[in-house]
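What follows is a single structure, written as structure tokens, with notes after it.
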Amino acid sequence: MSTTTKQVIDLMEILPESEQNFALEFIRKLVLAWDPDFTKVTPLERAEIEQAAKEIENGETVLHDAINWD
């Protein structure tokens, strides 16, 4: 992690939570303005997302309660 990134994190942690959310949204807008492709997924990620959506549509999911989380 760069020194600048650490400084930004330290400064954000000083802010009240409501202001942290504002700052995060502002930083997100800065990053997207700098690199509009930032939020794009890779071809593999796109395929996995599409496969998951098909499984959900077909009811091919596992209920949360059916999983042994221990």
Original post:
Can you name the side-chain contact (heavy atoms from CB on, under 4.5 Å) partners of E45, sequence neighbours left out?
Top reply: V41, T42
Going by atom type alone, with no hydrogens or angles, which donor-acceptor pairs under 3.5 Å involve a side-chain atom of residues 22-32 and a protein atom two or more places apart or on another chain?
unit_1 : atom_1 : unit_2 : atom_2 : d
E25    : OE1    : R28    : NH1    : 3.4
E25    : OE2    : R28    : NH1    : 2.5

Original post:
Can you name the residues that form a side-chain hydrogen bond (donor to acceptor under 3.5 Å, both in side chains) with E55, not counting sequence neighbours?
Top reply: Q51
Original post:
Hey, what else clusters with W34 if you join Ile, Leu, Val, Met, Phe, Trp, Tyr whenever side-chain heavy atoms sit under 4.5 Å?
Top reply: none
**OP:** Just jot down the side-chain contact (heavy atoms from CB on, under 4.5 Å) partners of E57, sequence neighbours excluded, or say none.
**Re:** none
Original post:
Taking the hydrophobic residues Ile, Leu, Val, Met, Phe, Trp and Tyr, and joining any pair whose side-chain heavy atoms are under 4.5 Å apart, which ones share a cluster with I56?
Top reply: none
Donor-acceptor list for residues 9-19 side chains, cut-off 3.5 Å, not counting sequence neighbours:
unit_1 : atom_1 : unit_2 : atom_2 : d
D10    : OD1    : K6     : NZ     : 2.8
D10    : OD2    : K6     : NZ     : 3.4

Original post:
Which pairs with one or both residues in residues 61-70 pass side-chain hydrogen bond (donor to acceptor under 3.5 Å, both in side chains), sequence neighbours excluded?
Top reply: none
Original post:
Mind checking what makes side-chain hydrogen bond (donor to acceptor under 3.5 Å, both in side chains) contact with S2, not counting sequence neighbours?
Top reply: T5
Original post:
Excluding sequence neighbours, so at least two apart, what forms side-chain contact (heavy atoms from CB on, under 4.5 Å) with A66?
Top reply: V62, L63
Subject >> Those residues that, when tested against K40, pass side-chain hydrogen bond (donor to acceptor under 3.5 Å, both in side chains) (two or more places apart) >> reply: D37
